[in-house]
Amino acid sequence: MASAGESGDGADGKGVTTITIISSDNEAFEVLEAAASMSLTIRHLIEDGCADGGIPLPNVTAGILAKVLEYCSKHVAAVAASSEAGSSSNAADAAAAPEKEEDLASFDKAFIDVEQDTLYDLLMAANYLEVKGLLDLACQKVADMIKGKTPDAIRQTFKIKNDFSPEQEEKIREENQWAFE
Amino acid sequence: MASPGVLQDLWHLPPEKSKENILLFFILYNLEEEELCFVRSLLIKASGKLPEILTKLSEMAGFTPCEEIELHESRVKFTFASISCKYSQEPTLGVLHLRLQLCKNFCRSNSSSMRPGFAPMGPCSISWIMSLRSLAIHPRNLRAFVFRTLPKLIVLSPGLLNKFREEHVHPPLMEISAGKLPELPREILMDIFALLEIPDLVRVGSVCSSWNSAYTSLCNIGQYKQSQTPCLLYTSESAGENVACLYSLAEKRAYKLTLPELPIHRRYLIGSSHGWMVTVDEWSEMHLVNPITCEQIALPSVITIEQVKPIYDDGGAICKYHYSMHTAQSVFRRPLTLDLGKLRYYFHHKALVFYDTSSGSYIVVFIHNPFGQLLFARLGDVKWTWLPSHRNFQDCIYKDGLLYAVTSFGEIIAFDLSGSVVTTKIIMDRVKNHCGSESVYIVQAPWGDLLQVWRPVIRIKEEHKATFENTAKWMEIYKVCTVTKKLVRIDNLDDHVLFLVSNQSLCSRAEEYPQLKPNHVYFTDDFEGRPFACERGYRLDIGVLNFGNKSMEEIISPRPWSNCQAPLLIILNPRKMDSALHI
């Protein structure tokens with residue numbers, strides 16, 4: 001299994017293989033293979049041996065790629081820490097586990113608190129790169145922005161134009177009027 | 001018609017997507033011009049029947065229904081130097097039609113010469129079957145999809161493939177510009193909408209046409225959020241005859257649904273499941289009603305039931321019912337002659353709706369008096385089928401193709417309804433020797449066990465309400481151990497919520513309902529003899545119980561419903577029933 005940028009397996013067996021990812025505007029990012037593999041798309045490319053010299057992503061710009069990789073790195077580190085805590089017999093470690101979960105939750109919350117355009121970019125990137133956790137997080141964020149709002153309020157929030165024809169509008173109103181108040 | 005062997009290959013579907021829609025691509029290979037043309041797409045259901053699809057196909061290709069068409073598998077090696085696709089950049093309706101014409105003429109002229117060995121490929125072929133969750137009907141998206149998947153459809157040498165691609169702009173998989181959130185591709189919109197409760201979902205579908213399209217697709221393929229928080233559905237005199245009020249436990253607010261031509265206030269509500277309510281009208285006839293889509297389905301007539309006989313007037317119309325109060329084992333008391341609307345007062349207790357995946361149909365189970373007898377019917381049946389072997393039933397669930405029903409004594413009987421003769425098996429013996437003051441429910445727990453829930457039949461009058469508030473409420477929940485045939489008590493629901501709905505009681509993980517409280521039981525009044533009690537001024541027993549400290553609260557205070565009509569706990573379903581395909 002070829003992987004680029006191999007700095008050699010650490011003696012502690014943790015494996016510090018890194019991968020280089022190249023954005024559409026030719027910026028290179030070096031990340032842990034484990035973090036990059038949170039993207040199924042990238043993982044498949046690595047497995048297919050296409051990672052030599054870096055993985056080019058012609059559809060993702062540097063700004064967004066940086067954010068996605070930040071998400072992946074943080075989550076991969078959290079997974080590693082919790083599996084360590086799980087196998088450790090140290091009571092303090094075990095007690096710290098729910099706290100670490102909370103940390104991750106607040107990281108996620110702050111991470112996804114972005115402008116709509118960035119949210120759009122993150123959704124598209126997470127979908128293309130198949131990073132399930134990020135996609136779920138971003139989808140939930142948009143869903144939360146929608147909850148409890150009337151259609152007019154939703155249109156205002158997202159600056160959507162009502163492009164129904166009068167007949168369509170009438171039909172929808174008839175069927176769904178109950179939900180609009 | 002093509003040989004079954006070829007068609008079986010074409011029906012190879014990834015198992016995990018077997019329940020979804022399939023987008024079928026109809027690609028014409030024009031031998032004369034040596035061109036590959038995309039002709040048309042056809043959306044079918046995975047559970048659809050082959051003859052239906054073949055009929056549609058031949059119709060699309062311009063054949064009359066009786067003409068034979070031959071189908072060939074499309075895995076073919078192309079040895080021609082040039083391949084071009086005439087699928088234009090901006091197809092209009094006119095262009096698509098033209099393609100169809102081309103296909104039709106070509107097929108017709110060659111129909112007589114078609115033979116199995118016709119090389120390299122028959123003129124009308126099903127190219128591949130891809131499982132597609134989102135309906136890509138916009139030409140731009142469709143083209144992108146076709147280009148991405150064509151290499152999988154046909155074996156092409158890399159050189160040809162490049163030439164193929166060069167002819168057209170390779171569509172970018174995403175455009176990162178100052179794109180606005182609403183412009184998200186349908187797939188992602190559907191992912192987002194799948195997180196919404198029904199009222200939000202309905203509102204989101206009313207925003208603009210592209211969102212409406214995503215919403216409709218989501219509903220049609222049943223991918224909307226399945227774990228909807230139940231709502232309380234009730235009617236009230238002040239709201240009007242055709243109005244059903246819906247109280248969302250998630251949003252803690254009420255909605256008013258108008259059901260045209262359905263005087264819901266005059267009907268009894270005796271059960272709900274899968275978004276359907278079972279109602280009993282003023283002729284004591286039952287219907288399934290979906291309050292969101294306003295669909296109504298009639299259930300078999302009450303006169304097909306053993307105990308009910310029609311009495312006709314001089315004009316030949318039914319004017320009364322003769323209600324014989326017997327079971328298969330004994331007669332309870334002498335029969336009654338009742339007005340049409342009065343039968344339901346005595347006879348109807350509870351009805352439950354289940355979906356049987358193996359036969360792909362709905363089954364309705366009806367529990368009626370005297371002594372909790374069982375009847376069942378599949379949608380489309382003309383009569384009810386009696387299950388006379390046992391009685392005293394209070395509740396049932398459908399699991400793994402079997403109907404599990406619990407009696408007032410705690411017995412659980414499993415019925416196998418699939419064969420022509422119904423067979424039974426005793427899962428659990430009696431745990432009590434007398435019954436009457438308690439109601440029992442059978443519930444499927446998400447961790448796999450069957451639960452028995454025992455609840456006292458509380459009948460108090462309005463004026464005694466205050467004293468009732470201070471007495472300890474009880475409810476007992478047991479796990480059914482089918483191996484030892486014993487009940488094991490459960491003291492805590494932990495992070496689960498229990499709904500004792502008038503049908504299909506539910507036990508779910510509380511995290512699915514963030515607005516509801518874990519270790520609580522939401523219940524409504526589905527005791528037998530409700531109409532009697534109400535007439536005598538007794539309150540309906542509806543509320544939410546804290547299973548930890550046994551304190552009880554109202555779900556909605558003050559109670560907005562008419563006293564004699566108990567509200568139903570209902571889980572909404574926005575999907576219109578497709579009767580042709582029994583979904």
Side-chain angles (χ1 to χ4, degrees), chain A residues 24-25 41 57-61 63-65 115-129 132 135-136 138-165 168-169 171-181, chain B residues 170-185 187-212 215-216 225 243-246 248 250-260 291-294 514-515 572 574 576:
Chain A
S24 60
D25 35 2
T41 309
L57 294 177
N59 292 337
V60 192
T61 59
I64 291 300
L65 185 55
E115 279 182 13
Q116 283 190 27
D117 282 356
T118 315
L119 195 51
Y120 171 91
D121 290 337
L122 282 174
L123 277 163
M124 297 295 273
N127 187 44
Y128 169 61
L129 293 171
K132 186 174 190 318
L135 186 59
D136 287 346
C139 284
Q140 186 63 56
K141 174 78 180 172
V142 181
D144 290 340
M145 288 163 80
I146 289 173
K147 279 182 191 173
K149 294 196 163 87
T150 61
D152 273 330
I154 296 174
R155 286 188 201 112
Q156 269 178 12
T157 307
F158 297 103
K159 300 186 197 48
I160 303 175
K161 185 165 174 291
N162 180 351
D163 60 350
F164 288 123
S165 70
Q168 285 172 315
E169 177 82 41
K171 180 164 178 273
I172 287 173
R173 187 160 283 280
E174 216 181 279
E175 279 175 7
N176 302 329
Q177 182 59 45
W178 65 271
F180 289 178
E181 278 107 45
Chain B
H170 188 75
L173 285 169
M174 31 178 241
E175 280 149 339
I176 306 220
S177 50
K180 289 170 291 189
L181 217 47
E183 303 288 311
L184 283 166
E187 208 175 63
I188 302 184
L189 279 180
M190 285 166 76
D191 279 340
I192 296 170
F193 296 174
L195 300 169
L196 298 172
E197 296 269 348
I198 299 285
D200 283 319
L201 185 60
V202 165
R203 286 189 284 254
V204 112
S206 316
V207 164
C208 65
S209 50
S210 57
W211 283 29
N212 182 271
Y215 154 74
T216 313
K225 184 175 178 219
V243 175
C245 301
L246 205 66
S248 162
E251 297 178 7
K252 299 204 170 20
R253 56 156 294 189
Y255 294 96
K256 286 195 163 67
L257 282 84
T258 307
L259 302 165
I292 302 283
T293 64
C294 297
Q515 292 81 8
L572 298 172
K576 286 202 167 34

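Chain letters run A, B, ... following the sequence lines, proteins first, then strands; residues in each count from 1.
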So which of B/Ile292, B/Val207, B/Leu196 has the biggest tally of heavy-atom pairs under 4.5 Å with chain A?
B/Val207
Between B/Leu195, B/Leu189, B/Leu201, B/Ile198, the one whose heavy-atom pairs under 4.5 Å with chain A are most numerous
B/Leu195
Just checking, B/Arg253 and B/Tyr255: is the charged tip under 6.0 Å from the six-membered ring centre and within 45° of the axis?
yes
Which region of [X], side chain (C-beta onward) or backbone (N, CA, C, O), has a non-hydrogen atom less than 4.5 Å from a non-hydrogen atom of chain B, or is it both or neither?
X	result
A/Ile172	side chain
A/Gln140	both
A/Phe164	side chain
A/Leu123	both
A/Lys161	backbone

Is the NZ atom of B/Lys252 crowded by more than 12 outside heavy atoms at less than 6.0 Å?
yes
Distance only, no hydrogens: is a donor on one side chain within 3.5 Å (strictly under) of an acceptor on the other, for A/Asn162 and A/Glu169?
yes
Might you point out which heavy atoms bring B/Pro199 and A/Trp178 nearest each other, and give the distance in Å?
CA-CH2, 4.2 Å
Assess whether a salt bridge exists between A/Lys147 and A/Asp144, defined as any Lys/Arg side-chain N lying under 4.0 Å from an Asp/Glu carboxylate O.
yes
Are B/Arg203 and B/Glu251 close enough for a salt bridge, meaning some N to O gap below 4.0 Å?
yes
